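Small disclaimer: the values here were computed from a predicted structure and weren't measured. When a ligand or atom number is given, it counts from 1 through the structure's own listing order.
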Amino acid sequence: MIELNEVTKEYSKGVAALNGVNLKIEQGEFVFIVGDSGSGKSTLIKLIMKELEPTSGTIMVNGQNLERLKHRKIPMYRRGLGVVYQDFRLLKDRNIYENIAFAQRVVETPTRIIKKKVPAALSLVGLAQKYKSYPKELSGGEQQRVAIARAIVNEPAILLADEPTGNLDPTNSWEIMKLLEEANERGTTVLVVTHNQEIVNEMKKRVITMKKGVIVSDEQRGGYNNEN
Ligand SMILES: Nc1ncnc2c1ncn2[C@@H]1O[C@H](COP(=O)(O)OP(=O)(O)OP(=O)(O)O)[C@@H](O)[C@H]1O
């Protein structure tokens with residue numbers, strides 16, 4: 001499902017943000033990516049999204065070699081990925097319904113489908129009543145739930161979350177993690193970059209630890225390893 005072979009990414013010559021990374025994530029897995037600031041976690045996410053090109057190595061996602069993915073096919077490719085960021089990234093001048101519908105209109109989903117899918121996605125995150133609200137009228141936790149609804153509305157095969165609880169208190173953080181886990185239970189592969197030690201330690205999922213651009217440990221039912 002996601003496979004990296006000897007992937008190196010240098011932003012400037014000779015300085016590797018990722019250095020010969022090999023990684024295989026199967027369909028339906030839930031994986032935490034942890035590691036110090038600057039260890040390469042966000043770079044990994046951006047490579048999977050094809051926002052960046054590797055300097056060398058190959059990346060396969062859902063059987064597709066990203067190097068061979070044509071430029072005009074990139075929007076379609078990204079449609080199969082849901083993404084959630086630390087800072088929510090909602091459109092401030094649009095209400096919640098529109099925030100979720102917008103991304104679908106861009107990819108020309110018919111209105112009758114949007115009208116079914118948006119309320120369904122909002123129900124999954126417990127915000128069906130708030131569809132008319134604007135982002136600034138919601139708490140941080142609610143805004144992140146909207147971002148998750150937007151990420152899952154097309155039932156993506158893969159959900160990528162880059163520090164999704166970074167701006168949230170512990171209660172909201174756990175709620176967000178529960179939603180990600182529920183998406184995983186519906187069959188979505190979930191990758192979560194996080195610094196949240198408590199959550200990683202309690203959820204007992206696969207934990208990949210990065211350091212200076214390499215994977216230093218990869219454990220099933222792992223924990224947050226401060227030693228690395
Ligand atoms: N656009 C860029 N141009 C140059 N160097 C970059 C760029 N983006 C990241 N880097 C460098 O690449 C390395 C890895 O960065 P990356 O953002 O992947 O780390 P990270 O593990 O996600 O960190 P954090 O936990 O702080 O988000 C760092 O040394 C960083 O300075």
Fill in: Neighbour list for ligand 1 [protein residues, heavy atom under 4.0 Å]
Y11, A17, D36, S37, G38, S39, G40, K41, S42, T43, H195
Worksheet item: With a 4.0 Å cut-off, would you call R206 and E29 a salt bridge?
Response: yes
Discussion item. Is it the case that over 12 heavy atoms from other parts of the model lie below 6.0 angstrom from the CD atom of E67?
Written reply: no
Worksheet entry | Electrostatic pair E163:K41 at N-O distance under 4.0 angstrom | no
Worksheet item: Can you name the side-chain hydrogen bond (donor to acceptor under 3.5 Å, both in side chains) partners of N65, sequence neighbours left out?
Response: none
Discussion item. For Q27, I'd like to know if atom CD has over 12 heavy atoms of other residues, nucleotides or ligands within 6.0 Å.
Written reply: no
Worksheet item: Taking NZ, NE, NH1 and NH2 as the nitrogens, is one of them in K46 or E53 under 4.0 Å from a carboxylate oxygen of the other?
Response: no
